[in-house]
Amino acid sequence: MDVLIVEDDDAMAGALTAAVESAGHHAQRLSRGADALLSHRNFQVILLDLGLPDMDGLDVLRKLRQVTDVPILILTARDDERSVVLGLRSGADDYLVKPVKLVELLARIEAVTRRAGRAGGVPQEDIIVLEDVAVDLNRRTAAKGGAPLPLTATEFELLALLARHAGSVVTREQILDALWGDAFLASSRSLDVHLTGLRAKLQKPGFIINVRGVGYRVEASGA
Ligand code: CA
């Protein structure tokens, strides 16, 4: 796999390149956002630093998203929650907090490219299967082990949203936006209520994982 690393810091770029190449991938490093916009076509995944010398990384991300569906992982400084949320809402597939852990980097790259591979070439999936849970997006029903789950409309929307993004984080704001249309008017408390209801009906501890301070993630095994 060809991995584009957009990172202006030489030490960080060197570490990322070594990590990516240790997994058998080919890495190319660019320091400037403008160069990334010119050469993104040659790569299957992009690691994008948000603090670049010539452009805001979020602007690079938005421009890339206008022209390509290539998986993009943003690299962000610790505790920069606002950038994470903005990045995910601007079309990033996932994010990594610096300093980046090798194992985590490779796992995230694998997850986003696997998802992209599933989406590409095949028509929009109608039924998402995650372990013993099946989510039928057309009929708007869900089942566990073949038995229908008695979900409310909102619980179904919540499960479908998390399932569509299985393997990566969906932020609370993304959930609020998708389900209620306006993150700022929606009640965060009501999300907690629906989430609790959904979890009670699923009876699958560890299936929907809290990512503290950011959002939620469904693990993608078995898909
Ligand atoms: Ca930087």
Side-chain angles (χ1 to χ4, degrees), residues 1-117 119 165 167-175 177 183 209-217 220:
M1 189 154 55
D2 292 305
V3 182
L4 176 59
I5 298 168
V6 188
E7 168 64 75
D8 59 311
D9 182 273
D10 288 340
M12 176 63 70
L16 292 170
T17 299
V20 165
E21 293 189 335
S22 77
H25 304 304
H26 176 256
Q28 186 183 334
R29 179 264 182 120
L30 296 172
S31 303
R32 291 160 37 87
D35 295 333
L37 292 175
L38 287 175
S39 51
H40 65 87
R41 280 180 194 80
N42 305 324
F43 301 92
Q44 282 84 56
V45 61
I46 297 174
L47 308 183
L48 178 64
D49 179 32
L50 292 184
L52 296 170
D54 63 325
M55 292 175 69
D56 184 330
L58 287 172
D59 288 335
V60 178
L61 173 63
R62 292 188 190 102
K63 287 183 192 298
L64 282 171
R65 270 294 166 259
Q66 289 170 12
V67 294
T68 178
D69 292 327
V70 68
I72 300 172
L73 290 114
I74 53 175
L75 301 168
T76 177
R78 184 176 293 279
D79 292 336
D80 192 2
E81 187 178 323
R82 185 178 143 76
S83 294
V84 168
V85 172
L86 283 173
L88 292 172
R89 291 176 77 168
S90 301
D93 293 273
D94 209 345
Y95 73 97
L96 289 157
V97 176
K98 298 178 183 179
V100 174
K101 297 188 196 73
L102 167 66
V103 173
E104 187 178 10
L105 169 68
L106 298 176
R108 298 291 185 88
I109 287 176
E110 194 193 318
V112 296
T113 53
R114 195 174 52 224
R115 263 202 328 278
H165 296 86
S168 52
V169 176
V170 184
T171 67
R172 285 184 67 88
E173 284 193 33
Q174 283 177 314
I175 296 171
D177 254 348
I209 292 166
N210 281 10
V211 181
R212 203 157 65 94
V214 181
Y216 304 92
R217 172 162 62 212

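Both ligands and their constituent atoms are indexed starting at 1 by order of listing. The shown structure was predicted, so the numbers you read here are calculated from the model rather than taken from an experiment.
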Worksheet item: Could Glu7 and Lys98 be called an ion pair, given the rule that one side-chain N must be under 4.0 Å from one carboxylate O?
Response: yes
Worksheet item: Would you call Arg29-Asp10 a salt bridge at under 4.0 Å N-O?
Response: yes
Worksheet, complete the sentence: Any protein N, O or S atom under 3.0 Å from the Ca ion (ligand 1)? Found Asp8 OD1, Asp49 OD2, Gly51 O
Discussion item. Once rounded to the nearest 0.5 Å, what's the spacing between atom CG of Asp54 and atom OG of Ser31?
Written reply: 9.5 Å
Fill in: Leu30 vs Ile5, side chain to side chain contact (heavy atoms under 4.5 Å, CB included): CA-CA, chis, key distance, verdict
CA-CA 6 Å; Leu30 296 172; Ile5 298 168; over 6 Å; no
Practice prompt. Check whether any side-chain N or O of Arg32 sits under 3.5 Å from a backbone N or O of Met55 as a donor-acceptor pair, and report yes or no.
Written response: no
Discussion item. How long is the straight-line distance from CZ of Phe43 back to CE of Met1, given to the nearest 0.5 Å?
Written reply: 12.5 Å
